[in-house]
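As the structure lists them, so they are numbered: ligands from 1, and atoms in each ligand from 1. Nothing fancy with the numbering, it's 1 onward along the sequence.
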Amino acid sequence: MFGALTDKLQNLFSSLAGKKSLTEDNIADAVRQVRLALLDADVNYTVVSNFVKRVKEKAIGDSVMKSVTPGQQFTKLVHGELIALMGTDEVPLDLKAKLSVIMVCGLQGSGKTTSCAKLATYIGKTAKGKKILLAACDLQRPAAIDQLKKLGSDIDVPVFHLEGEKSPLKMAKKAYEKADAEGFDVLIVDTAGRLHIDEELMKELEEMKKFLEPREVLFVANATTGQDAVKTAAEFDKRVQITGTILTMLDGNARAGAAISIREVTNKPLKFEGVGEKIGDLQIFNPRSMADRILGMGDVINLVKKAQENISEEESLDLEKKLKKASFTYEDYLKQMSMVRKMGSFKSLLKMIPGFGAMGDIDFSDTEFNKMEAIIYSMTPAERQEKVELEHERRKRIAKGSGVPVDDVNRMVKGFKRVKQLFKNMPDMKAQAKKMGSMPDLNEIKKQFEGKKWH
Ligand SMILES: Nc1nc2c(ncn2[C@@H]2O[C@H](COP(=O)(O)OP(=O)(O)OP(=O)(O)O)[C@@H](O)[C@H]2O)c(=O)[nH]1
Ligand SMILES: [Mg+2]
C-alpha cells in the first residue's frame, strides 16, 4: 500500500543499522531522507515539517542514540512518531445514545454508501444485538437509493426511504422518527456527494446535522485522491464538525500519505479503514498497525484479529502447540495452508506476517495448493511426519506418484521448512490471550515481534 515509502524507509534504516554511532551529521541526513520519503508519499507538507522537527529534536536530544544499536533506535523513533501522527489509539464508535445516529459524508464516489453498509456489518459483529437502520438520504442520484437498498438486503439490515420525497432533510427526519418509534439503536445516514465542496451541499448537511444530533459525523476520504482529501476534510470539519474519518481505497496502490495527514490537520481521529470492495472489508483504524505496515513490518495486529474471527479456538490452539513444539508435520502444513486459505486472500494475508514477505516466490494459487496436496498425499505416513529424510530417491517416487516434476516436490519441501522455522520463532499468542483475559494485548505481541524482526 505504501510500497515506495516503505522501501525508502527500509533502505534508510538498513544503512543506519551498519553505523556504529549516530552523529548530528548523519542524523541530519537521515531526517532529510525521512522528509523526502514522506513528501514523496504525498504526506501533507506542514504535517511533514512538524513530523521531522519532532524526530530530529528527539534523535539529537535522545541519549538512547548513543546506545549500541543507533539504527534500531532511530527506526523506533520514526515508528513511534508515525503512531503518534496517526493518533496512537484506536477510537471506537460512540454508540452510547439510546438511538445513536451516524451521519456519513464526503465527496462524490469516496465510498460513502459502501461504508454505510460496511459500518452496519461492523456494528452487527462488534456490538451484538444492536438494532440498526440504514437511511437513504442521498437524493442526488436516483440510483443511490437502490444501491443502498441492495446493500441492505445483502446484509439483512433494513433501509429506510420514502418514495417521491425530494428533501434529504425531510427524509432524514422521517428516518429518525421511524428509528425512534421502533426501538432501533443505531441509525446510519447515507448522504449525497458532490464533485467539489459546494454551498448547497454544506447547508444541507448542516441542517441535517442540527436535526439529527448525530453521535458520529464520519468523513469518508478516498485515500487515492491525494492532497485534496486533506483540504476537503478540513472544510467538512469546519462546517459539520466531523467526529472522525473513514479512509477508503487503501487496498489500491494509494500514495496514502495525504490520507494519514488528515488526523493531524483536523485533529479528529482516523476511525476506520476500507480495504476492499466487499462488505467485510472495513476495519477499525489502528495507528500502530498502520505504522507497522508503512515501515514494512507486517501487520500482526490485524492478522491476529482476522485469525480470531475466522478460525475456531481449538483448531488454532492445536496447531499452535505443534508449531511451538516443532512437531509440525507435512499434514499440519496442509492443514495450516487450508486454514489460512479460509481467512481470505493468501497473498494479502501473508503480507501481514513479518518475515513472510520473503516468501513471495511461493505461489499460493488454487493450482499450486492442489499440487501441494497431491504431493503430500503421495508421501508415506513416515515421510509426512518427518520420521525419515526425504532423500532424492524418495522425492523422485513422490513426484511420480503425484504426477509433478521433482522440482515441484523440492519447492514444496523448501516452503514447508521455511514455514516451520518461521512459526517456531513466533511468540505465543494464545498464552498471551489467556493471560490478558479474552482479548490478547496486541501491543505486547507486537513488542515480542519487534525484538525478533528488526535488523
Ligand atoms: N477497492 C475499494 N473500493 C471501494 C472501497 N470503498 C468503496 N469502494 C468502491 O468505490 C465505488 C464508489 O463507492 P460508493 O460507496 O458508491 O461511493 P459514494 O461516496 O457513495 O458515491 P456517491 O454516492 O456517488 O457520491 C464503488 O464501486 C465501491 O464498491 C474500498 O475501500 N476499496
Ligand atoms: Mg453514495
Side-chain angles (χ1 to χ4, degrees), residues 1-3 102-122 134-155 157 159-161 165 168 171-172 175 187-198 200-202 204-205 208 216-226 228-229 232-233 235-236 240 242 244-260 262 270-286 289-290 293 299 302 306 344-345 347-349 351-352:
M1 164 198 331
F2 292 97
I102 302 175
M103 204 169 115
V104 176
C105 57
L107 291 186
Q108 203 165 77
S110 53
K112 296 178 295 300
T113 307
T114 316
S115 295
C116 286
K118 285 177 173 176
L119 277 171
T121 307
Y122 174 85
L134 285 159
C137 296
D138 172 5
L139 309 178
Q140 203 73 15
R141 280 191 308 125
I145 295 175
D146 290 337
Q147 185 192 358
L148 193 64
K149 267 164 60 182
K150 163 89 179 55
L151 288 166
S153 88
D154 286 350
I155 57 173
V157 172
V159 175
F160 179 84
H161 83 108
E165 179 57 71
M171 185 81 98
L187 174 67
I188 304 175
V189 181
D190 185 25
T191 65
R194 304 285 155 94
L195 271 178
H196 303 285
I197 290 177
D198 67 40
E200 204 192 341
L201 169 73
M202 284 301 169
E204 190 178 297
L205 290 176
M208 228 188 250
E216 295 279 2
V217 179
L218 298 176
F219 172 72
V220 180
N222 177 343
T224 63
T225 54
D228 267 359
T232 316
E235 186 62 25
F236 270 82
V240 290
I242 64 172
T245 297
I246 302 179
L247 297 180
T248 60
M249 324 288 173
L250 276 175
D251 49 316
N253 44 8
R255 287 198 305 163
I260 59 170
I262 290 178
L270 299 166
K271 286 208 167 176
F272 289 93
E273 56 176 303
V275 291
E277 287 190 72
K278 290 200 294 298
I279 289 297
D281 294 337
L282 182 82
Q283 58 199 30
I284 194 157
F285 186 91
N286 183 300
S289 139
M290 186 58 89
R293 277 176 278 165
D299 185 2
N302 282 311
K306 262 212 167 106
S345 144
K347 278 238 155 80
S348 73
L349 209 99
K351 274 191 288 190
M352 294 182 186

Under the side chain to side chain donor-acceptor pair (under 3.5 Å) test, which residues partner Asp146, sequence neighbours left out?
none
For the side chain of Thr248 and the backbone of Ala221, is there at least one donor-acceptor N/O pair under 3.5 Å apart?
yes
Not counting sequence neighbours, which residues clear ring-ring contact (aromatic ring centres under 6.0 Å, His included) with Phe160? List them please.
none
Is there a donor-acceptor pair under 3.5 Å between the side chain of Thr191 and the backbone N or O of Val104?
yes
Qualifying residue, where the test is side chain to side chain contact (heavy atoms under 4.5 Å, CB included) with Gln147 and the options are Asp190, Thr113, Val159, Asp138:
Thr113
Donor-acceptor contact below 3.5 Å, side chain Ser289 vs main chain Phe285
no
Is the backbone of Leu107 close enough, under 3.5 Å, to the side chain of Lys112 for a donor and an acceptor to pair up by distance?
yes
Partner of Phe219 by side chain to side chain contact (heavy atoms under 4.5 Å, CB included), out of Thr245, Ile246, Val240:
Thr245
Around the Mg ion (ligand 2), how many protein N, O or S atoms are closer than 2.8 Å?
1
At less than 4.0 angstrom from any atom of ligand 1, which residues have a non-hydrogen atom? List them by chain and residue number.
Leu107, Gln108, Gly109, Ser110, Gly111, Lys112, Thr113, Thr114, Lys118, Asp138, Arg141, Gln147, Gly193, Thr248, Met249, Asp251, Gly274, Val275, Gly276, Glu277
Provide the closest heavy-atom pair for Gly109 versus Met249 in the form atom of the first, atom of the second, distance.
O-CE, 3.9 Å
